[in-house]
Amino acid sequence: MKITLKDGFVKEYGESRSVYEIAQDISEGLARAACCAKVNGQVTDLRTVISQDCELAICTADDPEGLAAIRHTASHVLAEAVKKLFPEAKLAIGPSIDTGFYYDFDHAPFSREDLDALEAEMKKIIKNGAKLERFTLPRDQAIQFMEERQEPFKVELIQNLPEDAEISFYSQGDFTDLCAGPHLMSTKGIKAFKLISSSMAYWRGDSEKARLQRIYGTAYNKKEDLAEHLERMEDAKRRDHNRLGREMELFTTVDVVGQGLPLFTPKGTRMIMKLQRWIEDLEDKEWGYVRTRTPLMAKSDLYKISGHWDHYKEGMFVLGDEEKDKEVFALRPMTCPFQYYVYKNTQKSYRDLPYRMSETSTLFRSEDSGEMHGLTRVRQFTITEAHLVIRPDQAEEELKSCLDLAYYVLSVLGLQDDVTYRLSKWDPSNKAKYLGDENYWNSTQDALRAVLEEKGVKYEEADGEAAFYGPKIDIQAKNVYGKEDTMITIQLDCAIAENFDMYYVDQNGDKVRPYIIHRTSMGCYERTLAWLIEKYAGKFPTWLCPEQVRVLPISEKYEDYAKKVLKELRARDIDAELDNRSEKIGFKIREARLARIPYMLVVGQQEEEEGLVSVRSRFAGDEGQKPLHEFLEQICQEIRTKEIRKEENILP
């Protein structure tokens, strides 16, 4: 058989060999570094036996697949340590993830002291260097094997496997776990690891099922890499919007109000208002949108016409009972069906299209309590939502325009390099979930793909992520912990107009069904604010800051001049405050810096006599004395152009 290696070199063997044996034949150094392999592009275990021609890539810790194998093995070492120290714990699942690994256990909550004890036990297991041995069992024997070990979650996993699935196990010394692999050859391959935290998790992500305890950890091949990761995590904690946003008094939450229902303080509200005014003016004055205002709820009849009642009811807040009440209402989870009736209010001709309707829409979605986090996933949110009713021949140009608008918004916010693009497609194996047939989905997906490629946008494709009525371009971003969320979406819908009897009159006087583009220009205000807090660690561009300037008189003798400066600032719509407390000026400056104020204006005798201000900024420190009018021109220019001034250290 011929084995083609990733450098193109071909090895020939007369008999079957495992991947590990082939690695040894290439070099002992490669065999020692090997973590897993890719055979014809598929990730596989080092123990896999190759018996025919193939392409083979040996993966080390420098490869994502190799690092994942290290982390997966570390999760098994964690499970063994838990069973040794807490033998009553029941095993659930323990995969590798982008940032490390986790393992779920049916057990009481783990304390930090418990994690420290588990780390110590894991070090003993790793030092012993037990080999990991893979074996398979028939279904009945596999179930019996786990039943004898009183592992009900493993039994359930086996029972839910396809009938033709190979059921494999890995043992390391006295510990054995159900697992598909791949794994290292020995526990000694884990060079550096750390248990990070523990939290509650539902079995299989279902809130109706068992509450488990999830232990998160990470592992690397080098201690230096682990140290860098832990430092990044400390940075993430400092930037975490859920902590920093509360610390900066931008928002809060209250138990009696409810989970996923944030309360915005004056500072947070001011930031959202700035974003909203900017977006509304941008869309209406520069991008050709008309603005609508529609109800926050509707009868179930509306959602039945749109299809949301059948496809999305479980995610809605329903008011009433269809079996008991004459009318049942629901809070809106989206704006599209409301805007369709705005479109239908007057007859449109082909000359009236595209008809671009935008709305600052407050929406409601019944998120699971385990899914909510800070401002990124909430039950009530406000979004920059729009629906473009277009002729079919306008689809390409309008889709490009939507993509251009989204990129422009991201660029102004300084976020354009922090996103990835995804073509979200339907799942052809679950056709009942969607409107339209295979031809409809192929054609609409091709249309979005063509726009992305013509724009030169790098993107990934994902099955099953489309809306039920059409595919999407999703612009994705990760939070400080690596969790990905959709920030902006652009959807092409060629089906729903039929449900609402929407049409336009063409050149021949015939009624024609339009296409619809569902899109956001910035996305959800709450999620965007969370993103901005983490991006800038609270040190926002000046135009967005809830407080842009703080005036600091050296003593109460100069308070009148400070008030005059404050009045001049506010007359130019600059968000400014006066700190006239009887404190030393050094203390006032430190407090303003900790509050992340872009500019501090210190005023005393010379400033008052000569009409000056002493400028200190986040960006350059002491900028010296300037005439007040000169500073006003400078900051007004910075705010008007939405300049993002650079600073050496973004953290306070």
Side-chain angles (χ1 to χ4, degrees), residues 207 258 260-261 291-345 355-369 371-372 377-389 424 426-427 430-437 440-441 444 464-472 474 486 489-503 513-520 523-524 526:
S207 60
L261 299 170
R291 193 147 297 277
T292 67
R293 184 178 174 88
T294 56
L296 299 180
M297 67 174 75
K299 294 194 297 183
S300 59
D301 305 49
L302 178 69
Y303 305 115
K304 289 175 181 176
I305 294 171
S306 68
H308 289 95
W309 200 254
D310 293 331
H311 294 274
Y312 198 76
K313 184 180 177 182
E314 70 281 356
M316 298 167 64
F317 287 103
V318 177
L319 310 176
D321 187 326
E322 286 189 287
E323 295 183 1
K324 298 178 182 178
D325 301 320
K326 184 177 180 180
E327 290 185 328
V328 174
F329 288 78
L331 298 177
R332 65 179 183 183
M334 75 300 295
T335 312
C336 42
F338 298 85
Q339 287 193 326
Y340 298 157
Y341 283 100
V342 173
Y343 172 84
K344 283 167 59 71
N345 185 53
Y355 191 71
R356 309 181 187 98
M357 298 172 286
S358 187
E359 183 166 330
T360 302
S361 304
T362 298
L363 306 178
F364 306 85
R365 294 184 183 175
S366 183
E367 298 283 0
D368 183 87
S369 60
E371 293 294 319
M372 287 182 289
R377 193 167 290 275
V378 291
R379 286 174 170 156
Q380 175 184 305
F381 58 94
T382 302
I383 194 168
T384 60
E385 192 169 18
H387 297 90
L388 292 72
V389 185
S424 297
W426 78 322
D427 179 3
N430 187 15
K431 295 180 180 180
K433 181 182 174 182
Y434 304 94
L435 299 179
D437 58 17
Y440 167 78
W441 283 93
T444 51
E465 295 293 337
F468 69 85
Y469 47 77
K472 305 182 291 177
D474 284 328
T486 299
T489 187
I490 301 166
Q491 307 170 12
L492 178 60
D493 177 358
C494 307
I496 205 73
E498 182 77 25
N499 294 26
F500 287 87
D501 191 28
M502 297 170 66
Y503 65 87
R513 298 291 182 211
Y515 289 175
I516 298 166
I517 297 173
H518 309 239
R519 54 107 284 211
T520 57
C524 164
E526 290 82 355

A side-chain contact here means heavy atoms from C-beta on lying under 4.5 Å apart; do [X] and [Y] qualify?
| X | Y | result |
| --- | --- | --- |
| Trp309 | Val318 | yes |
| Leu331 | Gln380 | no |
| Ile517 | Arg356 | no |
| Glu526 | Thr382 | yes |

Would Arg513 and Asp501 pass as an ion pair if we require N to O under 4.0 Å?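 So Arg513 pairs with Asp501 through a salt bridge.
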
What's the spacing between [X] [atom1] and [Y] [atom2] if we round to 0.5 Å?
| X | Y | atom1 | atom2 | value |
| --- | --- | --- | --- | --- |
| Met502 | Ile516 | CE | CD1 | 4.0 Å |
| His308 | Met316 | NE2 | CE | 8.0 Å |
| Lys304 | Asp310 | NZ | CG | 8.5 Å |
| Asp474 | Gln491 | CG | CD | 7.5 Å |
| Asp493 | Leu435 | CG | CG | 8.0 Å |
| Thr335 | Arg293 | OG1 | CZ | 12.0 Å |

Mind checking whether Tyr469 and His518 have parallel, tilted or perpendicular rings, split at 30° and 60°?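 Ring orientation, 0 to 90° scale: parallel.
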
Which residues pass the side chain to side chain donor-acceptor pair (under 3.5 Å) test with Glu359, not counting sequence neighbours?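 Listed in chain order: Thr292, Thr294, Arg332.
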
Are the side chain of His311 and the backbone of Tyr434 linked by a donor-acceptor contact shorter than 3.5 Å?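 Pair absent, no side-chain N/O of His311 close to backbone of Tyr434.
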
Look at the side chain of Tyr303 and the backbone N and O of Lys313, then say whether any donor-acceptor pair between them is shorter than 3.5 Å.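 Not a single qualifying donor-acceptor pair exists.
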
Could you go step by step and tell me if Lys431 and Trp426 meet the side chain to side chain contact (heavy atoms under 4.5 Å, CB included) rule? CA-CA 8 Å; Lys431 295 180 180 180; Trp426 78 322; 3.8 Å; yes

Are Phe500 and Tyr340 an aromatic pair by the rule of ring centers under 6.0 Å?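 They qualify: ring centres under 6.0 Å apart.
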
Taking the six-membered ring for Trp, are the ring centroids of Tyr343 and His387 within less than 6.0 Å of each other?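 Centroid distance Tyr343-His387: not below 6.0 Å, so no.
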
Could you pull out all residues at least two apart from Arg377 that satisfy salt bridge (Lys or Arg N to Asp or Glu O under 4.0 Å)?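 Partners of Arg377 by the salt bridge (Lys or Arg N to Asp or Glu O under 4.0 Å) criterion, ordered by chain and then number, come out as Glu367, Asp485.
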
Nearest atoms (heavy-atom pairs only) where [X] meets [Y]:
| X | Y | result |
| --- | --- | --- |
| Phe329 | Met297 | CD2-SD, 4.2 Å |
| Pro337 | Ser306 | CB-CB, 4.2 Å |
| Gly307 | Phe468 | C-CZ, 3.8 Å |
| Tyr341 | Leu302 | CE1-CD1, 3.4 Å |

Tell me if the NZ atom of Lys299 is crowded by more than 12 foreign heavy atoms within 6.0 Å.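 12 or below, so no.
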
Phe381/Arg365 under side chain to side chain contact (heavy atoms under 4.5 Å, CB included): CA gap, chis, key distance, verdict: CA-CA 9 Å; Phe381 58 94; Arg365 294 184 183 175; 3.7 Å; yes

